Each structure stands twice: as C-alpha cells, then as structure tokens.
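Keep in mind that this is a model prediction, so the values were computed, not measured.
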Amino acid sequence: MALTSGLGGQLSIDLGALARNWRALDKVSAGALTAAVVKADAYGTGIEMASKALHAAGARFFFVATPDEGMAVRAAVPDAHIFVLYGLYPGAANLYIRQNLMPVISSMTMLEEWLAKCVERNEAYPSAFHFDTGINRIGFRLNEVGLVRERIETLGYAPQMIMSHLACADQPNHEKNRTQLALFGSVMAQFPGIPASLANSAALMTGRDYHFQMVRPGIALYGGRAVTGRKNPMQPVVTLHVPILQVTEGRTGETVGYGATYTLNRPSKLAILGYGYADGYFRSMSGTNARPGGKVFIRGKICPVVGKISMDLTVVDVTELGPDLPSPGEGAEIFGTHLDVDDQGDAGGTIGYEVLTSLKGRYNRIYVGDGRVPE
Ligand SMILES: *Cc1c(COP(=O)(O)O)cnc(C)c1O
C-alpha cells in the first residue's frame, strides 16, 4: 500500500463503519436507548468527528469523562444530551449549567454541590446518579442509597437516570455479573420510575437482562473487542499504516535492536518501520526469540516484530516474503482489515482499548465517509 503523504503514519478513521456499528448495537438493544461513549477523544478517533457521525447515525445521548470533553461534544453536536461520567468536577457547576452538561453524581460531596446550585438558582438541573455495585471505583456506596434518597426527597429533586458499571462484563459467565445485576436491582427498587443504565458494550452484547432503559457502548462502536474469547462482530473503524523506511539484510547469529534480545537464526530480510513506542506501539510488543511480539501486515503476509521496539523505529522480519520485498516509502498495516487492535493488544499483554487510546502524535489522521450511511 502506498502512503498518500511522505510525512509518516496514516491513521484512517471510517466514520461510515462507526455509524454502522452504532446502528447494529442499537438493533441489539432495541427497547433501550443506545447512547455513545466518546471519552478519551472518542477512543482515539477524534471526539468531534466521531460525535458528529454518531449523531448523524441517530445517537442523541453521549457520555464523556471530563467537562472539557463535554464542551467538545457540545460544540460538535448542539442538541446532544451529554453525561459527564466522572461527575461534577469541583467548582465546575456553573460550567456544566452553561454548557448544559449532566454530571453523573457519585458522592455526597458532589450531590451537595449540585443541589446547592439548584437551590441557589431555583432550578432542578438534570443529573444522573452512579451507584457502585462492586467494582469499587467511582460511585455512591450501597449503604448511602437511603441517605441519597432522603436528601433529594426533602428537596423534591429527582435524577434523570441511575446507573452502575460492571467489573467483569467482558467475561459473560463471570458470577460477579449476576451479583452486580441483583444489587443494581435493589438500588432501582429505591428509585421507582427513574430510568436505569448498566450496560457497557460487553453487557449490551450479553443479554437483555442488562439493558434497562439506556445502554452505554464505547469500545464496540470503534470496532474493538468487547467480549473475551468470542468472534468480534463489529466492523473495523481504525486503520493504521506506517512507513517502511528501509529494507536491510541480517546474517545468521546477528542480533536486532537494543539489548540484543533477538538473534537471527537464518539469513534474514528486515524491514525498518518509522513507528515506535512514542507513536503508541508499546515496548511490550517487542519480539524476542523466547516470546513473539506484535505482528505487521506487509505485501499480503503477516510478519513478526523482531527485537525491542524503540522510540521511533520497529524492525519486522520480512524474510517470508521471498523476492517480493517492500520498497522504502511503502505502508505497512499495523491494524485495519488484516490485523485488529486486539491482535496488537494481545501481543503486548494489554487490550484494544489501550492500543486505541494511545494513538496520539505523529499521524496524518484522515476521515472516510460520515454517519449518513443508508439504513
Ligand atoms: C468507559 C465506560 C463505558 C463504555 O465501556 P466500553 O467497555 O468501552 O463499552 C460505559 N460506562 C462507563 C461507566 C464507562 O466508564
């Protein structure tokens, strides 16, 4: 594949595939509203372009991590309903109100700040409440449910939604899922008539029991694998091609890269890629003789990374290509149609989420299509 620019890697984002993924999930969760999680720059795809495409596909509810991200979505999609997952940032209440952002309130401190603002302005500004049912992260503790209820009942305030988050949704048979589901049911019983939301991508795919009134997929929209050990049904959204800078030869017994951790056991052809850990190709994806690392797709074949990945360079063994060697300037696929982000994640002992959200820096980012794909 020829790169369209001589400037380095090319990150191509297929907004049509993003839109089709949202529609596919919306079908699976028919009966619940399908939101879109666009935190962390929409998992590395670009929060403004992604939010616009998702809106064109039909999404109206968006989840972000921070108020800054909320402002970015507000600017891209003026009529979006935006929840800020990690709550009311201290002192930011006026900003939320101005930007019409809904905090997902997760502590008594946040609740008091928000309620004080509502009282001060005599207006019931919308919010959601997050209850921790077992991940032990952000959220009201279950023993605070009564207190929360009392506090809002005296003021006549009600949240737009209550929610919780699963610790093990990627493993559908994990018993913790049923435990958290039951605990969430007990919270819901304390908030009759208030819409509820529990499911991320994996829980959405696991079954209707988890859907309630709104589902919150993230990774699956971007083509990543949500459920472990199952075929990923989503379309790839992100394709990364990086430039081959040089093709060289190595002799038997020579070593490759820092630390001399890979020894060539045959006369080898090596392609040097202009791509390294500073571009998001984790050093843990290095290949040693004892442990294979990342893989790269070049001229129709999947070729292994050999030696340590360095800051700006990665070496790939292309001996198997025979005489059909690539030329300098040609692109090598890191993921896209032949390899996916989860293949790379598996090779580095991490997950597709981290691979996607580490794609910062030195790429030409190009967008293909938009959300207005035919139904
Ligand atoms: C990130 C996040 C999601 C989306 O999770 P995916 O696994 O990417 O689908 C949903 N809910 C909460 C609370 C989150 O933090």
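- Nearest approach of G336 to T239, heavy atoms of both residues: CA-OG1, 3.7 Å.
- For CZ of R291, the number of neighbouring non-hydrogen atoms (other residues, nucleotides, ligands) closer than 6.0 Å is greater than 12.
- Residues I272 and Y277 do not share a hydrophobic cluster, defined by chaining ILVMFWY side chains whose heavy atoms lie under 4.5 Å apart.
- In plain terms, the two heavy atoms of C303 and V316 that are nearest each other are CB-CG1, 3.4 Å.
- For the pair S127 (side chain) and P159 (backbone), a donor-acceptor distance under 3.5 Å is absent.
- In summary, D312 and R362 engage in a salt bridge, as defined by a charged side-chain N under 4.0 Å from a carboxylate O.
- With contacts defined as side-chain heavy-atom distances shorter than 4.5 Å, the pair M102/I82 does not qualify.
- Applying ring-ring contact (aromatic ring centres under 6.0 Å, His included) to F184 and the options F212, F131, Y210 leaves one that passes, F212.
- Contact between S284 and G348 at its shortest, heavy atoms only, is OG-O, 2.9 Å.
- Residue-environment remark: CZ (R121) exceeds the threshold of 12 foreign heavy atoms within 6.0 Å.
- The minimum heavy-atom distance linking T319 with P267 is given by the pair CG2-O, 3.8 Å.
- Distance alone, capped at 3.5 Å, places no donor-acceptor pair between the Q344 side chain and the V341 backbone.
- One N or O on the side chain of D279 and one on the backbone of G276 form a donor-acceptor pair closer than 3.5 Å.
- Between F129 and F140, the two ring planes are perpendicular [angle over 60°; tilted spans 30° to 60°].
- How far CD1 of I334 is from CG of L273: 5.5 Å, rounded to the nearest 0.5 Å.
- Classified by interplanar angle (parallel below 30°, tilted 30° to 60°, perpendicular above 60°), the ring pair Y43/Y353 is tilted.
- The pair K117-E123 does not count as a salt bridge, with every side-chain nitrogen at least 4.0 angstrom from each carboxylate oxygen.
- Under the 4.5 Å side-chain contact rule for hydrophobic residues, L88 and M71 do not share a cluster.
- At a cut-off of 3.5 Å, with distance as the only test, no side-chain donor of E354 or S358 sits close to an acceptor on the other residue.
- Side chain of N21 to backbone of Q235: a donor-acceptor contact under 3.5 angstrom is found.
- Looking at R266 and D317, a side-chain N of the basic residue comes within less than 4.0 Å of a carboxylate O on the acidic one, giving a salt bridge.
- For residues 62-74, there are no salt bridge (charged side-chain N to carboxylate O under 4.0 Å, His left out) pairs, not counting sequence neighbours.
- Side-chain contact check for M110 versus E113: every heavy-atom pair is 4.5 Å or farther apart.
- When atom types are taken as modelled, the side chain of T179 and the backbone of E175 share a donor-acceptor pair closer than 3.5 angstrom.
- For the residue pair T34 and S29, a side-chain donor N or O sits within less than 3.5 Å of a side-chain acceptor on the partner.
- In terms of modelled atom types and a separation under 3.5 Å, the side chain of N265 and the main chain of G253 share no donor-acceptor contact.
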Working for side-chain contact (heavy atoms from CB on, under 4.5 Å), residues R299 and S327: CA-CA 10 Å; R299 293 251 170 151; S327 317; 3.9 Å; yes
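- The OH atom of Y258 lies 13.5 Å from the CD1 atom of I309; values are rounded to the nearest 0.5 Å.
- Checked for salt-bridge contact, D209 and R178 meet the test: a charged N lies under 4.0 Å from a carboxylate O.
- In terms of heavy atoms, G223 sits closest to N232 at O-ND2, 3.0 Å.
- Put simply, I244 and L325 are part of the same group of oily side chains (I, L, V, M, F, W, Y) that touch within less than 4.5 Å, one to the next.
- F63 places none of its side-chain heavy atoms less than 4.5 Å from the side chain of K39.
- Here K269 contributes atom NZ and E249 contributes atom CD; the two are 4.0 Å apart, rounded to the nearest 0.5 Å.
- Using a cutoff of 4.0 Å between basic side-chain nitrogens and carboxylate oxygens, R20 and D370 are not scored as salt-bridged.
- How far OG of S51 is from NE2 of H55: 10.0 Å, rounded to the nearest 0.5 Å.
- For R141 and N136, the side-chain atoms include at least one donor-acceptor pair closer than 3.5 Å.
- Residues L25 and V215 have side chains not in contact (no heavy-atom distance under 4.5 Å, counting atoms from C-beta outward).
- Residues V368 and L356 do not share a hydrophobic cluster, defined by chaining ILVMFWY side chains whose heavy atoms lie under 4.5 Å apart.
- With hydrogens and angles disregarded, no donor-acceptor distance shorter than 3.5 Å links the side chain of T255 to the backbone of A260.
- Counting only residues at least two apart or in different chains, side-chain hydrogen bond (donor to acceptor under 3.5 Å, both in side chains) contacts with residues 98-110 are absent.
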Criterion side-chain contact (heavy atoms from CB on, under 4.5 Å) on M285 and T350, from CA distance to verdict: CA-CA 9 Å; M285 296 170 181; T350 181; 4.3 Å; yes
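- With values rounded to the nearest 0.5 angstrom, F83 atom CZ is found 11.0 Å from L101 atom CG.
- In this structure the side chain of I302 reaches within 4.5 angstrom of the side chain of L339, judged on heavy atoms.
- Note that the CD1 atom of I13 and the CD1 atom of I366 stand 9.0 Å from one another [nearest 0.5 Å].
- Without hydrogens or angle criteria, S268 side chain to L264 main chain gives no donor-acceptor distance under 3.5 Å.
- Looking only at atom types and distance, the side chain of S164 has a donor-acceptor partner in the side chain of T133 under 3.5 Å away.
- Side chains of Y86 and P103 form no contact here, defined as non-hydrogen atoms less than 4.5 Å apart.
- Among D342, V355, V296, the single residue meeting the side-chain contact (heavy atoms from CB on, under 4.5 Å) criterion with F335 is V355.
- Residue Y125 is grouped with residue V104 when hydrophobic side chains (ILVMFWY) are merged at heavy-atom distances under 4.5 angstrom, including chains of intermediate members.
- Panel note: side chain R283, backbone S310; no donor-acceptor pair is recorded below 3.5 Å.
- Minimum heavy-atom separation, L221 to L18: O-CD1, 3.3 Å.
- Between R225 and D346 a salt bridge is recorded (basic side-chain N to carboxylate O distance below 4.0 Å).
- At least one side-chain heavy atom of C168 sits less than 4.5 Å from a side-chain heavy atom of K176.
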Evaluate the side-chain contact (heavy atoms from CB on, under 4.5 Å) criterion for residues M49 and L15: first the C-alpha distance (whole Å), next the side-chain angles of each, then the deciding distance (0.1 Å), finally the verdict. CA-CA 8 Å; M49 294 298 278; L15 297 174; 4.0 Å; yes
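- Under the 4.5 Å side-chain criterion, counting only non-hydrogen atoms from C-beta, V148 is in contact with M108.
- A donor atom on one side chain and an acceptor atom on the other are not found under 3.5 Å apart for D132 and H165.
- In summary, E112 and R151 engage in a salt bridge, as defined by a charged side-chain N under 4.0 Å from a carboxylate O.
- Judged purely by atom type and a 3.5 angstrom limit, S201 uses its side chain to pair as donor or acceptor with the backbone of G218.
- No hydrogens or angles considered: a donor-acceptor pair under 3.5 Å links the side chains of H338 and E333.
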